[in-house]
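Lettering of chains follows the sequences in order, A, B, ..., and the numbering in each one begins at 1. Heavy-atom basis, side chains included; hydrogens, waters and symmetry copies ignored.
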Number of protein chains: 2
Amino acid sequence: MTAGPLVLLVEDEVPLRRFLRTTLGAHGFRLVEASSVAEAELALGAQSPELILLDLGLPDGDGVDLTRRIREWSAVPILVLSARGREDHKVEALDAGADDYLTKPFGVEELLARLRVALRHASASRAPDAAVLELDGLRIDVARRRVTLRGAEVHLTPIEYRLLTTLAKHLGRVVTQQQLLTEVWGHAHAHHTHYLRVYMAALRRKIEDDPARPKLLRTEQGVGYRLRDPREG
Amino acid sequence: MTAGPLVLLVEDEVPLRRFLRTTLGAHGFRLVEASSVAEAELALGAQSPELILLDLGLPDGDGVDLTRRIREWSAVPILVLSARGREDHKVEALDAGADDYLTKPFGVEELLARLRVALRHASASRAPDAAVLELDGLRIDVARRRVTLRGAEVHLTPIEYRLLTTLAKHLGRVVTQQQLLTEVWGHAHAHHTHYLRVYMAALRRKIEDDPARPKLLRTEQGVGYRLRDPREG
DNA sequence: CCCGCGCGTCAAGAATGCGTAAAGCGCCCC
DNA sequence: GGGGCGCTTTACGCATTCTTGACGCGCGGG
């Protein structure tokens, strides 16, 4: 008996949780349970599940927001369960970073199959995203959402932070404007290239010694931007 | 103007295909269409789509089998569309290697959102391809979009870069002027052969020791150009 | 021998893209 | 309800890049 994947189940309705517990358990999954957003975040801090089964409509907060927050630092598969079948809800959750969306009531076999798909993806794309990145004097601590420059904390707005971490994720490589826009602002803003200029300027003011002659945040004219890896040229 | 992802649409019903064509087209996707399993396999041989939209219930074969065959050699995301909502069908398709399963009728926005999820997965799991080409002192790092000459970075404009990489793609072989023009400038400029001379000159100035006597960027009179492979003639 | 053609070179103007400042607006917290 | 903060939007100047036209050279055919 090998221990199956660890699943975080976030669900407030007791009967459904009970049901899923036995069903998933019977199929070899190990379970951590949470019945609210707060508990879920706690559990995420303590364990690192290989998959999250997330019910929307929790008592203490929005599951979509939780999804977004998780996506800032983790790529763990998130399967959303919801009583709401409305299309815009689905789109919102999926765009927030969820990997699948099941409308209640759903069949157990389908749930299991979609779970397998999600785990397949996860094992295929296991990318070692470093929790802390240090270049020159700049330090990006993704786990703590902290950026420091030669020890001093740099305050970044949410967008600035996401812009920086998106670039960091592709350290040394060019990230196209489209990519940045969709990853930071969402696909709906993929053509607002001006945002990039405004926020790049802001970021450079905060982390570059000479914002007019950037060492880290390099422009690739007509293509995108790149966070330069100081280890190479 | 960036060209969107290439999608292979496998669907035999003409009205639905028509509808998806316009819808996806309007959202920036490029489309290849097939109306049967045979056509789909043909198209897969000719092109390499970034995503497959596959209707089950094709006239000449089983879509699930097709999925399995594709999975033997490719990880391209497959979204299944089906009129059949039965759970065992879904499980079968998903376990065969499909990444998602939508039951008709489905909403366009949901389809687009799930498409985005699939593409997100694909780009996340794309292996860091070490596509580096080195000839003499010239180094072309496609992943980083960087060109260096004996260690020193060479700055290329977007067109120069595309011209060089297009030639590199056919290393050692002649690339006709038509081919270069359509691949770099697009179909509409296939007759502006003068562009080639201007940009070849610029490229040679940047990467040749003696631009007047080019070692790498050879002219093939009346035909096109060739990036010489120093390992051979 | 001269002309036409293809290629290479140069340079100027047009078009595009980028950086910067600053103002308006909504939101939340005090 | 006022102030601070962050996001969006507008305006403008500057830099880079693209396009276009002019010209010279060499070669081969008429």
What is the distance, rounded to the nearest whole Å, between atom [atom1] of [X] and atom [atom2] of [N]?
X: B/M200; N: C/dC10; atom1: CE; atom2: C1'; result: 18 Å
X: A/E208; N: C/dT20; atom1: CD; atom2: C1'; result: 16 Å
X: B/R204; N: C/dC10; atom1: CZ; atom2: P; result: 13 Å
X: B/R218; N: C/dG8; atom1: CZ; atom2: P; result: 12 Å
X: A/L163; N: D/dG6; atom1: CG; atom2: P; result: 15 Å
X: A/H191; N: D/dT8; atom1: NE2; atom2: P; result: 12 Å
X: B/L180; N: C/dC7; atom1: CG; atom2: C1'; result: 15 Å
X: B/Q178; N: C/dG6; atom1: CD; atom2: C1'; result: 14 Å

Taking any heavy-atom pair under 4.0 Å as a contact, classify [X]: base, sugar-phosphate, or nothing.
X: B/T193; answer: nothing
X: B/Y225; answer: sugar-phosphate
X: A/R205; answer: sugar-phosphate

Task: Closest to side chain of A/Q177, choosing from C/dG8, C/dC18, C/dG19 - done: C/dC18
TODO: Could you tell me how the ring of B/H192 sits relative to the ring of B/Y195: parallel (under 30°), tilted (30 to 60°) or perpendicular (over 60°)?
DONE: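 Answer is tilted, since the angle falls between 30° and 60°.
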TODO: Name all residues meeting the side-chain hydrogen bond (donor to acceptor under 3.5 Å, both in side chains) criterion together with A/D62; count only those two or more places apart in sequence or in a different chain, and write none if there are none.
DONE: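 If we apply the side-chain hydrogen bond (donor to acceptor under 3.5 Å, both in side chains) test to A/D62, skipping adjacent residues, there are no hits.
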Once salt bridge (Lys or Arg N to Asp or Glu O under 4.0 Å) is applied, do any residues pair with [X], and if so which ones, sequence neighbours excluded?
X: A/R84; result: none
X: B/R162; result: none
X: A/D209; result: A/R150

Open item on the list: I want to check one thing: is the phosphate of C/dG8, taken as OP1 and OP2, less than 4.0 Å away from some side-chain N or O of B/R197?
Closed with: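 False: B/R197 side-chain N/O out of range (4.0 Å or more) of C/dG8 OP1/OP2.
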Task: Pairs meeting criterion salt bridge (Lys or Arg N to Asp or Glu O under 4.0 Å) with involvement of residues 194-205 of chain B, two or more places apart - done: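 Listed once each, the pairs would be none.
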- [ ] Let me have a per-nucleotide readout for nucleotides 15-28 of chain D, 5' to 3', with B, S or -, counting only protein heavy atoms under 4.0 Å.
- [x] -SSBBBBB------
Task: Cationic N near anionic O, under 4.0 Å, B/D141 to A/R173 - done: no
